[in-house]
Amino acid sequence: MRNGYLYGLFDFPMTRIQDELITSIQSALLNLFQIENADVVLQETKKEFEGTFTFVVFPFTKQAGMAPPQIAQKIGEYVLENLHGISKFQVVQGFLNFSLADIIWAEALISLQNDPKPYHLASKNEKILIEYSSPNTNKPLHLGHLRNNFLGFSVAQILQAGGYEVIKTNLVNDRGIHICKSMLAYQKMGQGETPSTSGIKGDHLVGKYYVAFDKAYKAEMEVLIAQGVDPEKAKSQAPIMMEAQAMLLAWEQGDAEVIRLWEMMNEWVLSGFEKSYAQMGVRFDKIYRESNTYLLGKKIVDEGLQSGTFFKKEDQSVWINLEAEGLDEKLVLRKDGTSVYITQDMGTAQLKFEDFGAKKSVYVVGNEQDYHFEVLFHILKKLQKPYSFGNYHLSYGMVDLPSGKMKSREGTVVDADDLMAEMVQTARERTTELGKIEGFSAAELDALFNQLGLGALKYFLLKVDPKKRMLFNPLESIDFQGNTGPFVQYTHARICSMIRKAKEQAIDFQLENMNETELIASEQELIYLLGMYKARIEEAAAQYSPAVITQYAYDVAKQFNKLYNEVSILNEENAIKRNIRLTLADLTGKTIREAFELLGIQSPERM
RNA sequence: GGUUCCGUAGCUCAGUUGGAUAGAGCAACUGCCUUCUAAGCAGUAGGUCUUUGGUUCGAAUCCAAACGGAAUCACCA
């Protein structure tokens, strides 16, 4: 049960009444029961009871020396008499429920409408850098990457709305042994095919050879094992693996032919990724490439060696001892002098700081790398880097299939491009079936199907708490009804339609003389929710969680639809009531649009 | 085996400093389109919150143990 504390809006009437209510209850406890400095916390009143704020009196029974309902009754009477904004109270066991006076609701609505900066928190005057996506250039993107990209983009949007200056970065892992694997397989089996000769999107073409390498590698291992070689040794002794390692060394030494192959294949992959990113709707301020940062990483290793933070073993490999931190020894440079994953991360961290000077840095990377980031952050601290204290690993859960984890090498993945295309196609079918698309041009229809399909997909992936692993069943299509993106989009379109009609009828829905107007519960609840917007942004930013926003957007849409079905809005005969409702509808539509903006989801005006 | 995380309705998920009869959506069933978009609304049914102990006026929530699952402990990234 949340405590229901609204904030964010300066002088928001509901925030004020909430504070006043707390003070009044404290005063009641003092005057009636001689309880000093009571820690009074209010909660939202549960839906099935009348009221807005609830005070739980159980904790005070001993001190008050009275049964809970009697305490509640006495406090209720005291507050009712002393606080104008409270219109009534009800006691249910030890729960004291307060209802707010109509004037408070009226003031709250007016305040919402007049807020000059309704959808952003005050600037925190702080830069925060967020790294997400971070693909490997040896295979196409899959469903796991979609979660990463949507999450990273959304968290960036949320932090921005939360008052930070946000820099979005992408670290492309474009070098390393895994890249050499697809290069080598292509060299052996590619027969010169290219994206244009094969008609295969570049990233998919390269991915094909990554899978081919793994297949050949496994075959060779089997042969070795059949010859009696120890399976562990077979892993490193398979000829094709040794060739890949040789290729990596050649790459680091600048071998012209290897570099040329690498550049060509990376180009294929990256142009493929660009198309995928465009379809996802994600953007970056700066793209880093591991091939440009690993040397800086090596330099940092040298520095660390000199300062004694790192040490060298007999075989020339370089390590750090993190046993004092509760971890173990960790390799930072191979014996052959080539860099490992964490080497380049040190370089990238340094480069980012030089480029932007942000003290805070968020890494959106799956929870399978928890240990890696723990190590990295410890290393940066031991190196006494100025950017070593604001690091946060946004560790999100894997997307699992019913059969278990997705594995690129084994081909058990849901491809990102395919899935997005399927979602758009499903949107097309659903929308066509419903037949509400008269007057749309072909281009408008395509845009709509994209917005709906991607909206459904993004919402589906973002509504789950990022930290938790989630399940995707390819056999069950993602819903367009219920707690989904299209449901919220639909509510938005419905509101837009109504506002359009109001304008056509030249209705100017100004709020005047509404002070004595009694609002029904559904209207009050909607005002309450709209007043929570900034609090939710703050919460989502603090938790790095778009799920907070999806839940909020759903609550708002749900509440509006409830109101929509209960009363007439545009057709309400009482002009004051009609204007109140149109104002509410208008604010609801804008709030949904803004909230969805934070999720990277577009809100169509018609659908 | 060590470390970390998780176990809530048939399925997918909410449930933030402990509070009322544990909530949504999907799937099932019942109603509601001569009025503002039915991708909607209202309702029925569905639960030993994995189990057992403990703390407390009160536990899905905190503590301990057991059981079940996942990740990680690479000179892969």
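FYI, side chains are in, hydrogens and waters are out, and symmetry mates aren't considered; it's all heavy atoms of this structure.
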Could you go through the side chain to side chain contact (heavy atoms under 4.5 Å, CB included) check for Leu376(A) and His393(A) one step at a time?
CA-CA 10 Å; Leu376(A) 176 66; His393(A) 173 206; over 6 Å; no

Check step by step if ring-ring contact (aromatic ring centres under 6.0 Å, His included) holds for Phe58(A) and Phe95(A).
CA-CA 8 Å; Phe58(A) 289 113; Phe95(A) 299 89; 5.5 Å; yes

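Classified by its glycosidic torsion, C33(B) falls in the syn category, the angle being within 90° of 0.
A donor atom on one side chain and an acceptor atom on the other are not found under 3.5 Å apart for Asn367(A) and Arg469(A). One side chain, Thr54(A) or Thr45(A), offers a donor N or O that lies under 3.5 Å from an acceptor on the other.
A search for salt bridge (charged side-chain N to carboxylate O under 4.0 Å, His left out) contacts involving Glu429(A) returns nothing, not counting sequence neighbours. Residues forming a side-chain hydrogen bond (donor to acceptor under 3.5 Å, both in side chains) with Tyr459(A) (at least two apart in sequence, or on another chain): Asn483(A). Residues forming a salt bridge (charged side-chain N to carboxylate O under 4.0 Å, His left out) with Arg175(A) (at least two apart in sequence, or on another chain): Glu252(A), Glu290(A). The side-chain hydrogen bond (donor to acceptor under 3.5 Å, both in side chains) search around Asp174(A) returns Ser291(A), not counting sequence neighbours. For Glu572(A), the salt bridge (charged side-chain N to carboxylate O under 4.0 Å, His left out) partners are Arg581(A), not counting sequence neighbours. With sequence neighbours excluded, no residue forms a salt bridge (charged side-chain N to carboxylate O under 4.0 Å, His left out) with Glu605(A).
Taking the C1' atom of each, U51(B) and U8(B) are spaced 14 Å apart, rounded to whole Å. Taking atom C1' on both G25(B) and A39(B), the two are 14 Å apart, rounded to the nearest angstrom.
Against RNA chain B, the stretch residues 451-464 of chain A makes heavy-atom approaches under 4.0 Å through Leu452(A), Val464(A).
Nearest nucleotide to the Glu476(A) side chain, out of A39(B), A38(B), C11(B): C11(B). Which of C36(B), U21(B), G19(B) sits closest to the side chain of Pro59(A) comes down to G19(B). Checked against A20(B), A39(B), G25(B), the side chain of Pro486(A) finds its nearest nucleotide in A39(B). Counting only heavy atoms from C-beta on, Met498(A) has its side chain closest to C36(B) among A39(B), U12(B), C36(B).
Taking each heavy atom of Thr338(A) and Leu333(A) in turn, the nearest pair found is O-CD1, 3.7 Å. The two residues Gly207(A) and Pro140(A) make their nearest non-hydrogen contact at CA-CD, 3.8 Å. Here the closest non-hydrogen pair linking Gln489(A) and Phe596(A) is CG-CE2, 3.8 Å. Considering every non-hydrogen atom in both Ile379(A) and Ile342(A), the closest pair reads CD1-CD1, 4.1 Å.
A straight line from CG of Asn483(A) to C1' of A39(B) spans 13 Å, rounded to a whole angstrom. Taking atom CD of Gln559(A) as the reference point, atom C1' of G40(B) lies 14 Å away to the nearest angstrom. Atom pair Ile478(A):CD1 and G25(B):P shows a separation of 19 Å (rounding to whole Å applied). Atom-to-atom, NE2 of His393(A) to P of A71(B) comes out at 16 Å; the value is rounded to the nearest Å. Regarding Lys46(A), its NZ atom lies at a distance of 7 Å from the P atom of A22(B), rounded to whole Å. When the C1' atom of U12(B) is taken as reference, atom CG of Asp400(A) falls 13 Å away, rounded to whole Å. For Glu44(A) and A14(B), the CD to C1' distance is 14 Å, given to the nearest whole Å. For the pair Asp586(A) CG and C36(B) C1', the interatomic distance rounds to 15 Å; values are reported in whole Å.
Annotation: ring-ring contact (aromatic ring centres under 6.0 Å, His included) contacts involving residues 553-573 of chain A, sequence neighbours excluded, comprise Phe487(A)-Tyr554(A).
As judged by a 4.0 angstrom heavy-atom cut-off over every strand, Thr54(A) is placed among the base-contacting residues. Contacts of Met607(A) with the nucleic acid, taken as non-hydrogen atoms under 4.0 Å apart, include base atoms. Note on Leu434(A): a base of the nucleic acid sits closer than 4.0 angstrom, heavy atoms only. Residue Val567(A) is in base contact, counting any heavy-atom pair closer than 4.0 Å across all strands shown. Asn97(A) comes within 4.0 angstrom of a nucleotide base, judged by non-hydrogen atoms across all strands.
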Identify all pairs in which a protein N or O lies below 3.5 Å from an N or O of nucleotides 41-44 of chain B, and state each distance.
{"residue": "C41(B)", "atom": "OP1", "partner": "Lys558(A)", "partner atom": "NZ", "Å": "3.4"}
{"residue": "C41(B)", "atom": "O4'", "partner": "Asn565(A)", "partner atom": "ND2", "Å": "3.0"}

Is there any protein nitrogen or oxygen under 3.5 Å from a nitrogen or oxygen in nucleotides 2-8 of chain B, and what are the pairs?
none

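Each of Lys501(A) and Val92(A) was matched to the nucleotide of RNA chain B holding its nearest heavy atom; the match closer to the 5' end belongs to Val92(A).
Taking a cutoff of 4.0 Å between a charged side-chain nitrogen and a carboxylate oxygen, Glu444(A) and Arg606(A) qualify as a salt bridge. Salt bridge Arg536(A)/Glu539(A): present, at least one basic N to carboxylate O contact under 4.0 Å.
Outside the 6.0 Å centre-distance limit, the rings of Phe33(A) and Phe60(A) are not counted as a close aromatic pair.
A distance cut-off of 5.5 Å between ring centres, combined with a plane angle under 30°, leaves Phe95(A) outside any stacking arrangement with the base of G19(B). Ring-base stacking between Tyr564(A) and G40(B) is not satisfied when judged by a centre separation under 5.5 Å and a plane angle under 30°.
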Bracket notation of RNA chain B in which parentheses pair within the strand, [ ] cross earlier pairs, and | pairs with another strand (Watson-Crick or G-U, under 3.5 Å):
(((((((..((((.....[...)))).(((((.......))))).....(((((..]....))))))))))))....

Give the B/S/- string for nucleotides 72-77 of chain B, one per nucleotide from 5' to 3', where a protein heavy atom under 4.0 Å of the base yields B, of only the sugar-phosphate yields S, and otherwise -.
SS-BSB

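Taking only side-chain nitrogens and oxygens, Arg494(A) comes nearer than 4.0 Å to OP1 or OP2 of A38(B).
Under 3.5 Å, the side chain of Thr491(A) and the base of A39(B) form no donor-acceptor pair of N or O atoms. With hydrogens and angles ignored, a donor-acceptor pair under 3.5 angstrom links the side chain of Thr431(A) to the base of A39(B).
Exactly one residue among Tyr363(A), Tyr341(A), Phe377(A) makes a ring pair (Phe, Tyr, Trp, His ring centres under 6.0 Å) with His372(A). That residue is Tyr341(A).
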